[in-house]
Amino acid sequence: MARPFRFGVNLMSLAPADEWRAKCRWAEELGYDVILAPDHLGMPSPFPALVAAAEATERPRLGTFVLNAGFWNPALLAREVATTDALTGGRLELGLGTGYVQAEHETAGLPWGSPGERVDHLRRTVEELERLLDSEGLPHSRLRSSGGTPRPQLVQERVPLLIGGNGDRMLRLTAEHADIAAFTAARTRDGGALEPLAAEELDERVALYRKLAAGRAEPAELNLLIQIVIVTDDPGAAIQPWLSHIPHLTEQQVLELPIVLVGTLDDVVERVRAQRDRFGFSYLTVLEPNMEAFAPVIARLREA
């Protein structure tokens, strides 16, 4: 039986307090299940933004999408996670990734390293967070000592962990630890540019993940980040401004990318259902510029 849909929106633009809260309330009214914050320089700081989102809303979960592990010390991150979990009433979902923009690390004075080193750091971060945040059945106590180290406690028994990635080692880490497996459906090129995967390439990535996750006691939720959403009667014209960004693909190939939803409302709704059937993606995330464009799709899928 197919897992029910969930929909998230990644709010990327900083705004004054009243505007931020109004934007979060609007996302809730539009039907989004998760309000997300990214982790890039020049965008909102994720944890304060999520606390403010919680104060403005009642229903949505709140998540990071995704934290750049290289920005964070695990012990300090555990403190942020526990505090944010408490201040959001146990609505937090934690998204982690390696980071893919070298210039951000250089600006912050942080090491960049090789792809392998970044995955190693993410693995250490995940494992240390699991150790530090293990509630051992005492989710509401304030602090407990473990080997002399104060341990922050959670409202939730476990903050759901989302890991986003595409490479083989990232998929293995995701299969071992994540409650939510987030597929970028893109490969990273030099300088942090993302090159989208065709559907057949994504089939292979999902198949590898499923193989690696075959021994899990509970299956993970599968997430896909949608980059372009346009509801239109003329998809060919609508996609034209994007073609220069992906010059090696034809118009039709761009329209067929899993991260692109362009067409009539009926077409987009059916495409979302088809991708859940094909890949297993029941949790879809859109970017803030697409928040309103995707809302009618959410409404239609809720009717089913």
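Keep in mind the model is a prediction, meaning the values are calculated, not measured.
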| query | Does the side chain of N223 come under 3.5 Å of the side chain of T285 through a donor N or O and an acceptor N or O? | reply | yes
| query | Does any donor atom in the side chain of E288 or N10 lie under 3.5 Å from an acceptor atom in the other side chain? | reply | no
| task | Name all pairs fulfilling the salt bridge (charged side-chain N to carboxylate O under 4.0 Å, His left out) condition that reach into residues 87-99, sequence neighbours left out, sorted by first residue then second. | result | R6-E93, R61-E93
| message | Considering only residues two or more places apart or on different chains, which pairs with a residue in residues 110-121 satisfy salt bridge (charged side-chain N to carboxylate O under 4.0 Å, His left out)? | response | D120-R169
| query | Would H40 and F71 count as a close aromatic pair, with their ring centres under 6.0 Å? | reply | no
| request: Kindly say whether the aromatic ring centers of W72 and F47 come within a distance under 6.0 Å. | output: yes
Could you state the interatomic distance from [atom1] ([X]) to [atom2] ([Y]), rounded to the nearest 0.5 Å?
| X | Y | atom1 | atom2 | value |
| --- | --- | --- | --- | --- |
| C24 | E55 | SG | CD | 10.5 Å |
| I239 | T232 | CD1 | OG1 | 10.0 Å |
| L243 | T250 | CG | OG1 | 8.5 Å |
| L129 | L94 | CG | CG | 6.5 Å |
| E127 | L122 | CD | CG | 9.5 Å |
| N290 | I230 | CG | CD1 | 7.5 Å |

State, yes or no, whether a side-chain contact exists between [X] and [Y] at a heavy-atom distance under 4.5 Å.
| X | Y | result |
| --- | --- | --- |
| F294 | L30 | no |
| F65 | P46 | no |
| R79 | L132 | no |
| R123 | T98 | no |
| Q275 | P258 | yes |
| L249 | L257 | yes |
| L96 | L162 | no |
| E176 | R216 | no |

| said: Please find the pair of heavy atoms, one from A181 and one from T174, that lie closest to each other, and give the distance. | reply: CB-CG2, 3.5 Å
| If every non-hydrogen atom of V260 is compared with every non-hydrogen atom of V262, which pair is closest and at what distance? | CG1-CG2, 3.5 Å
| message | Under a 3.5 Å distance rule, please check whether T184 uses its side chain to pair with a backbone N or O of A186 as donor and acceptor. | response | yes
Is [Y] paired with [X] through a side-chain N to carboxylate O contact shorter than 4.0 Å?
| X | Y | result |
| --- | --- | --- |
| R124 | E128 | no |
| R158 | D134 | no |
| E201 | R187 | yes |

For [X], look at atom [atom1] and say whether over 12 heavy atoms of other residues, nucleotides or ligands are found less than 6.0 Å away.
| X | atom1 | value |
| --- | --- | --- |
| R271 | CZ | yes |
| D18 | CG | no |
| E58 | CD | no |

| Can you check salt bridge (Lys or Arg N to Asp or Glu O under 4.0 Å) on R273 and E270, steps first, answer last? | CA-CA 5 Å; R273 290 189 178 121; E270 288 310 308; 2.5 Å; yes
| request: Under the side chain to side chain contact (heavy atoms under 4.5 Å, CB included) rule, what do V297 and V268 come out as? Steps first, then yes or no, please. | output: CA-CA 7 Å; V297 181; V268 171; 3.6 Å; yes
| Checking side chain to side chain contact (heavy atoms under 4.5 Å, CB included) for the pair L284/V272: CA distance, chi angles, key distance, verdict? | CA-CA 9 Å; L284 300 182; V272 169; 3.5 Å; yes
| Chi angles and distances behind the side chain to side chain contact (heavy atoms under 4.5 Å, CB included) call for F279, L224 | CA-CA 10 Å; F279 304 107; L224 180 66; over 6 Å; no
| field | Within 45° cone of F5 ring axis and under 6.0 Å: R276 NZ or CZ | value | yes
| CA sep, side-chain torsions, deciding dist, call: L171, F183, side chain to side chain contact (heavy atoms under 4.5 Å, CB included) | CA-CA 9 Å; L171 293 179; F183 288 80; 3.8 Å; yes
